[in-house]
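These notes concern the structure reproduced below.
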Amino acid sequence: MRVATWNVNSIRARVGRVTDWLVREDIDVLAMQEIKCKETQFPFEPFAEAGYEVELHGLNQWNGVAFASRLPMEDLTVGFEGVPGFGKPDENGALPAEARALGVTVNGVRLWSLYVPNGRDLENAHYTYKLEWLKQLAVDTRKWIAEYPEQPLALMGDFNIAPLDTDVWDLAAFEGSTHISPLERAAFAEFEALGLADVVRPLVPTGYTYWDYKQLRFPRNEGMRIDFIMGSPAFQQLVSDARIDRNERKGDAPSDHVPVVVDLELDTEDDDDRPMIFG
DNA sequence: ATGCCATGCGTCGCATGA
């Protein structure tokens, strides 16, 4: 089973690019972030024609997460328990919900499409929101792992954190900025403390997943590695290959992020390429 | 410090992004 994550930066602006890529790259399940639309606006038809069902969580023109899959999706979960909101409180003091997390199960593998809040800057309320959002996600993930320790689980998406100094093109340029702060990196490390690991890094040690549209960042290869597939121990055992599709930053109207892909070896798959041992 | 691109909304100026 081939699984991917991609911050598409508006699905309506890029639907042909995304569906072409799904078919060409033989993807089974794609987690998307920043679809930037609600359900009534989502371009379902091109996905259906390409052979993919879609589940999505989109509230407005901001954020929005989705899955496209050619395998059955089960146990859809919109958001996670205790997920904080952001913005102006309503008359009851509740903050508006944002569309940043969607969970599904495919072939028994639990998958999340996550769009972690940006943070904006270190003094911004959005930064506090980012840290709280990650903390609650870790609480929810800890509970899940305790309840279903044998089930493969992956948190996939745009984490908006560069865990390593080498995950940004110039650390000095990020001095005092978000994405590299100790608190953000500590929040990321909490998932590793739960036993999750970036399953792409060992197979793809270098390379970025995002390049700003401005200032010739892509031609200069001045990017950031902020999109990850964080797998539980059971998930890690299934991974047979991984790649970052840098080519998708090229050409007409690309997203500023590129897809991150993993191949999983599941028992349910055909084993025609294996030698016959019995019979 | 910056919004140099790019997106969507709602009417061409603003919010957002990392």
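Values in this document were obtained by computation on a predicted structure and should not be read as measured data. FYI, side chains are in, hydrogens and waters are out, and symmetry mates aren't considered; it's all heavy atoms of this structure. Lettering follows sequence order; numbering is per chain, from 1.
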Hunt down the Watson-Crick or G-U wobble partner of B:dG3, both distances under 3.5 Å, from any strand shown, or write none. none
Please state whether the phosphate of B:dG17, meaning OP1 or OP2, lies under 4.0 angstrom from any side-chain nitrogen or oxygen of A:Arg120. yes
Can you check the A:Ile35 CD1 to B:dA6 P distance for me, whole Å? 22 Å
Would you give the length of the straight line joining atom NE2 of A:His257 to atom CD1 of A:Ile226, rounded to the nearest 0.5 angstrom? 4.5 Å
Classify the nucleic acid contact of A:Tyr115 as base, sugar-phosphate or nothing, counting any heavy atom under 4.0 Å across all strands shown. sugar-phosphate
Between A:Phe174 and A:Lys38, name the one whose nearest nucleotide on DNA chain B is closer to the 5' end. A:Lys38
Select from A:Val116 and A:Pro254 the residue whose nearest nucleotide in DNA chain B is closer to the 5' end of that strand. A:Pro254
With a 6.0 Å cut-off on ring centres, are A:Trp6 and A:Trp21 close enough? yes
Output yes when A:Asp140 and A:Lys135 qualify as a salt bridge under the 4.0 Å nitrogen-oxygen rule, no when they do not. no
Base, sugar-phosphate alone, or nothing: which one does A:Thr178 contact when heavy atoms must sit under 4.0 Å apart? nothing
Nearest-Å distance for atom pair CZ/P, residues A:Arg217 and B:dA6: 14 Å
Nearest whole angstrom, please: distance from the P of B:dA6 to the CH2 of A:Trp211. 16 Å
Please classify the nucleic acid contact of A:Gln41 as base, sugar-phosphate, or nothing, using heavy-atom distances under 4.0 Å. sugar-phosphate
From C-beta outward on A:Trp62, which listed nucleotide comes closest to its side chain: B:dG3, B:dA15, B:dT7? B:dA15
Suppose you measure atom P in B:dC4 against the same atom in B:dG13; what distance do you get, rounded to whole Å? 14 Å
What is the distance, rounded to the nearest whole Å, between atom CG of A:Asp256 and atom P of B:dT16? 17 Å
Just how far, in rounded Å, is P of B:dG8 from CG of A:Asn63? 14 Å
Distance between the P atoms of B:dC14 and B:dA1, in whole angstroms? 23 Å
Mind calculating the distance between OH (A:Tyr213) and P (B:dC5) to the nearest angstrom? 13 Å
Any chance you could lay out the side chain to side chain donor-acceptor pair (under 3.5 Å) test for A:Asp227 and A:Thr209, step after step, and finish with the verdict? CA-CA 6 Å; A:Asp227 299 88; A:Thr209 63; 2.6 Å; yes
Find the distance A:Gln61:CD to B:dG17:C1' and express it as a whole number of Å. 13 Å
Does the side chain of A:Glu222 come under 3.5 Å of the side chain of A:Tyr208 through a donor N or O and an acceptor N or O? no
Length of the CD-P vector between A:Glu123 and B:dA1, whole Å: 10 Å
A:Met156: which of A:Val29, A:Leu114, A:Ile229, A:Val199 passes side chain to side chain contact (heavy atoms under 4.5 Å, CB included): A:Ile229
Hey, is the side chain of A:Arg14 poking within less than 4.0 Å of OP1 or OP2 on B:dT7, counting only N and O atoms? yes
Of the nucleotides B:dG17, B:dG8, B:dC4, which one has an atom closest to the side chain of A:Lys36? B:dG8
Against the side chain of A:Ala13, the closest entry in B:dC9, B:dG3, B:dG8 is B:dG8
